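Being a predicted model, the structure only gives us computed values, none of them experimental.
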Amino acid sequence: MKIEDIENAALDCALFEDYYYNPDLQPAYIDGFTRGANWRIDSVWHEASEEPERNRIYLAQLGNSTLDTFYYSGNWERFSRGVNMQRWAYVEDLLPNKKEVV
């Protein structure tokens with residue numbers, strides 16, 4: 001997903017038509033949506049210095065562009081340095097939330 005995708009989705013969401021809509025606030029709607037989307041994307045990633053829980057699958061960014069999944073990593077400090085880990089996220093946190101929002 002690119003920032004342009006988030007901005008386009010924000011514009012689509014800001015065009016709703018009901019009694020809550022105020023066209024003067026459209027820039028604020030778009031900004032709020034964009035900030036929320038970016039927060040959600042960034043919030044699932046952990047620093048490489050933070051060790052993931054055992055028995056949970058995680059996706060790790062290795063170097064600048066390589067991604068790989070892991071389950072158990074043994075000695076975390078040595079492992080994370082050895083694979084040049086930049087950050088990681090639990091796979092389940094990257095999947096869409098199927099709960100219906102009311």
From CA spacing to verdict: side chain to side chain contact (heavy atoms under 4.5 Å, CB included), Leu94, Val44: CA-CA 7 Å; Leu94 297 170; Val44 299; 3.5 Å; yes

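In this structure the side chain of Glu92 reaches within 4.5 angstrom of the side chain of Arg56, judged on heavy atoms.
Atom CG of Asn75 has more than 12 neighbouring heavy atoms from other residues, nucleotides or ligands inside a 6.0 Å radius. More than 12 heavy atoms of other residues, nucleotides or ligands sit less than 6.0 Å from atom CD of Glu50.
Residues meeting the side chain to side chain contact (heavy atoms under 4.5 Å, CB included) test with Ser43, sequence neighbours left out: Trp39, Arg40. Scanning for side chain to side chain contact (heavy atoms under 4.5 Å, CB included) contacts around Val83 gives Leu62, Phe79, Met85, with sequence neighbours left out.
Within the structure, every pair that satisfies the side-chain hydrogen bond (donor to acceptor under 3.5 Å, both in side chains) test and touches residues 79-90, not counting sequence neighbours, is listed here: Gln61-Arg87, Glu77-Arg81, Asn84-Gln86.
To the nearest 0.5 Å, the span separating CZ on Phe70 from CD1 on Ile57 amounts to 12.5 Å. Remark: Asp93 CG to Tyr58 OH distance equals 14.5 Å, nearest 0.5 Å.
A donor-acceptor pair under 3.5 Å is formed between the side chain of Asn38 and the backbone N or O of Thr34.
For Ala48 against Trp76, the heavy-atom pair with the smallest separation is O-NE1, 2.9 Å.
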